[in-house]
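Throughout, residue positions are numbered sequentially from 1 according to the sequence presented. Source: prediction; values computed, not measured.
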Amino acid sequence: MLNKVAVAYVDAVDVDKAKKIAKKWQLDYIGDIAAAKNYPKLLFALQVNLQRLELSKLDEPKLGAICVDFVDGATAHRRKFGGGRGQDIAKAVGLKHGFTPNVLDATAGLGRDAFVLATLGCNVTMMERMPIVAALLEDGLERAKLSTEINDITDRMSLISSSLIENVNLAQQPDVIYLDPMYPHREKSAAVKKEMRVFQSLVGEDLDADNLLAPAIALAKYRVVVKRPSYAPPLAGKAPSTSINMKKNRFDVYVNQAIPKNN
């Protein structure tokens, strides 16, 4: 898929940043985004737009571009009004008074759940195996660190561009491992959000997602949390220790040992 993606800039002010990104992630650089029409085999563009890195699907421009934005939009709303330690994801990872786990989010995606956990005080290592998505995450983190409003949160976040399956040794033993693998949408389900259509057409399904569970259980100190659609079977067919059910999703929790009452 990497040969279907190239780096471009929207405004000439971003030439240097676009070139650096292309070099770091070993992607082709095509200059001005308008030049994309000269490369019919390209499916996606990683475009730098006023210092922000965005992913666009070239054959569906109306879908708009995807970026990682920890400062504004839905992420900001959830940070302010998401329910704090009372929300389900907090319960799932075991956040209790006096205990704030170090979390490895091994399927980081666009980093939203990782940011929620960092907002709640966790140190979160994000692991993302798709270089294109990792590039978006890195850019989002760098921009967020410039914001005095949230840089204390993003200081608790770090990124590893790799796969847990291939590089278990890259991650120091975390208290909790969080997994949210892609899952096929039901054909009758509502239309996938614009953003997810771009994302899923790039990433596809996590066909090896079941292979994540065993190394995660072996590595996590206290527990592994797997986010699943409510209709989906447990990851790898392995029944969890307990589940937290929500309207459309659930958290399957695999407990290795009890979280200490006082830390």
Side-chain angles (χ1 to χ4, degrees), residues 1-76 105 107-115 126-147 154 157-163 180-185 191-208:
M1 182 55 78
L2 291 182
N3 62 351
K4 305 290 187 183
V5 185
V7 179
Y9 62 83
V10 175
D11 188 289
V13 71
D14 294 318
V15 168
D16 289 344
K17 182 169 181 175
K19 287 181 177 178
K20 286 177 183 175
I21 288 170
K23 184 177 180 181
K24 172 164 185 177
W25 297 99
Q26 298 181 321
L27 295 166
D28 289 333
Y29 170 74
I30 61 171
D32 193 317
I33 187 62
K37 64 180 181 293
N38 300 323
Y39 300 87
K41 292 184 178 180
L42 284 180
L43 297 180
F44 299 91
L46 267 179
Q47 59 190 40
V48 184
N49 187 0
L50 298 179
Q51 292 295 295
R52 183 174 75 180
L53 189 62
E54 304 172 337
L55 175 70
S56 61
K57 194 168 184 283
L58 292 171
D59 61 347
E60 293 188 82
K62 290 183 179 179
L63 287 177
I66 289 178
C67 70
V68 172
D69 190 349
F70 295 122
V71 183
D72 298 311
T75 307
D105 181 349
T107 53
L110 295 175
R112 289 184 181 139
D113 286 341
F115 182 77
M126 298 182 293
M127 203 171 223
E128 175 50 53
R129 67 177 176 178
M130 278 293 297
I132 306 302
V133 182
L136 292 170
L137 274 173
E138 183 177 73
D139 180 70
L141 270 181
E142 287 176 353
R143 284 183 288 104
K145 289 179 185 295
L146 301 176
S147 167
T154 50
M157 301 171 70
S158 58
L159 174 64
I160 297 174
S161 178
S162 186
S163 164
D180 180 13
M182 283 279 196
Y183 194 79
H185 281 257
V192 181
K193 290 179 182 177
K194 288 181 181 181
E195 183 180 86
M196 290 309 295
R197 276 185 62 192
V198 178
F199 197 54
Q200 287 179 327
S201 62
L202 172 70
V203 178
E205 298 168 16
D206 280 342
L207 297 177
D208 58 353

Do [X] and [Y] sit within salt-bridge range, that is, some charged N less than 4.0 Å from a carboxylate O?
| X | Y | value |
| --- | --- | --- |
| D180 | R112 | no |
| K57 | E60 | yes |
| D14 | R52 | no |
| D16 | K20 | no |

Are S56 and Q47 linked by a side-chain donor-acceptor pair shorter than 3.5 Å?
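Yes, side-chain donor-acceptor contact under 3.5 Å.
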Where do L202 and M130 land on the side-chain contact (heavy atoms from CB on, under 4.5 Å) test, with the steps shown first?
CA-CA 9 Å; L202 172 70; M130 278 293 297; 4.2 Å; yes
Check whether any side-chain heavy atom of [X] sits under 4.5 Å from a side-chain heavy atom of [Y], and report yes or no.
| X | Y | answer |
| --- | --- | --- |
| I132 | F44 | no |
| D32 | Y9 | yes |
| I21 | L53 | yes |

Can you measure from [atom1] ([X]) to [atom2] ([Y]) and round to the nearest 0.5 angstrom?
| X | Y | atom1 | atom2 | result |
| --- | --- | --- | --- | --- |
| S163 | M127 | OG | CE | 7.0 Å |
| R129 | I160 | CZ | CD1 | 15.0 Å |
| M126 | L110 | CE | CG | 10.5 Å |

Nearest non-hydrogen partners of [X] and [Y], listed with the distance:
| X | Y | value |
| --- | --- | --- |
| T154 | K145 | O-NZ, 2.9 Å |
| V5 | L27 | O-CD2, 4.2 Å |
| D105 | A114 | OD2-CB, 3.7 Å |
| A45 | L58 | CB-CD2, 3.9 Å |
| E54 | C67 | CG-CB, 4.2 Å |
| I30 | A8 | CG1-CB, 3.8 Å |

With sequence neighbours left out, the residues meeting side chain to side chain contact (heavy atoms under 4.5 Å, CB included) with K19 are V15, Y29
Q.
Assess the residue pair F70 and S147 against the criterion (side-chain contact (heavy atoms from CB on, under 4.5 Å)); give the C-alpha distance rounded to whole Å, side-chain angles, the decisive distance to 0.1 Å, and a yes or no.
A. CA-CA 10 Å; F70 295 122; S147 167; over 6 Å; no
Q. Is the CG atom of D11 crowded by more than 12 outside heavy atoms at less than 6.0 Å?
A. yes
*When you measure from the side chain of K4 to the backbone N and O of L42, does any donor-acceptor pair fall under 3.5 Å?*
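Such a contact is absent between K4 side chain and L42 backbone.
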* Return yes if some donor-acceptor pair links the side-chain N/O of E128 with the main-chain N/O of G109 below 3.5 Å, else return no. =>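 Side chain of E128 to backbone of G109: a pair is present.
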Exercise for review: Take R143 and D139 through the test side-chain contact (heavy atoms from CB on, under 4.5 Å) and record every step on the way to the result.
Suggested key: CA-CA 6 Å; R143 284 183 288 104; D139 180 70; 2.9 Å; yes
Next item on the list: Apply side-chain contact (heavy atoms from CB on, under 4.5 Å) to the pair L55 and L136, showing each step before the final yes or no.
Entry: CA-CA 8 Å; L55 175 70; L136 292 170; 3.9 Å; yes
